[in-house]
Amino acid sequence: MKFFRAIWSIIRLRCPSCREQPMFDNPSLWNIKEIDKMPKYCPNCEQDFEPEPGFYYGAMFVSYGFTCFLLFFMLGISLLLFGAISRRFLYGS
């Protein structure tokens with residue numbers, strides 16, 4: 001039951017701690033200019049919404065490794081199936 005409440009709060013864009021207050025100042029998806037504006041703290045539970053410096057540093061390396069693996073995998077499949085890498089494969093057109 002806790003899992004579904006957590007998923008529901010994610011869908012509704014609520015605070016991850018108290019699950020009551022909205023995380024964004026304007027939660028409407030139609031106001032594009034202010035779609036990313038959010039307070040520094042949750043007004044209800046004082047949860048800090050700003051990540052620490054270096055928060056995304058590890059994700060950057062995982063993403064880079066995954067992208068390199070995928071690229072070399074696709075190049076290997078291309079070499080096995082076609083014997084050479086075509087310009088169409090490289091340029092995507």
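Here the CZ-CG distance, from Phe66 to Leu70, works out to 5.5 Å after rounding to the nearest 0.5 Å. Arg19 contributes atom CZ, which lies 11.5 Å from atom CD of Gln47 (distance to the nearest 0.5 angstrom). In this structure, Leu75 CG and Leu80 CG are separated by 11.0 Å, a value rounded to the nearest 0.5 Å. Distance check, rounded to the nearest 0.5 Å: CH2 of Trp8 to CZ of Arg14 gives 10.0 Å. Here the CZ atom belonging to Phe72 is positioned 11.5 Å from the CG atom belonging to Leu79, to the nearest 0.5 angstrom. Annotation: the span from Lys33 atom NZ to Asn26 atom CG amounts to 12.5 Å, rounded to 0.5 Å.
Linking Ile, Leu, Val, Met, Phe, Trp and Tyr residues whenever their side-chain heavy atoms come within less than 4.5 Å leaves Ile32 and Phe24 in two separate clusters. Phe4 and Ile11 end up in the same hydrophobic cluster when Ile, Leu, Val, Met, Phe, Trp and Tyr side chains are linked at under 4.5 Å.
The environment of Tyr41 atom OH is sparse: at most 12 non-hydrogen atoms of other residues, nucleotides or ligands sit within 6.0 angstrom.
Cys42 places none of its side-chain heavy atoms less than 4.5 Å from the side chain of Ser17.
In terms of heavy-atom proximity, Met38 sits nearest to Met23 at CB-O, 3.1 Å. Taking every heavy atom of both residues into account, Pro39 and Phe49 meet most closely at O-CD1, 3.4 Å. In terms of heavy atoms, Asp48 sits closest to Lys40 at OD1-O, 3.2 Å.
Within the structure, side-chain hydrogen bond (donor to acceptor under 3.5 Å, both in side chains) contacts touching residues 50-66 (residues at least two apart or in different chains) do not occur.
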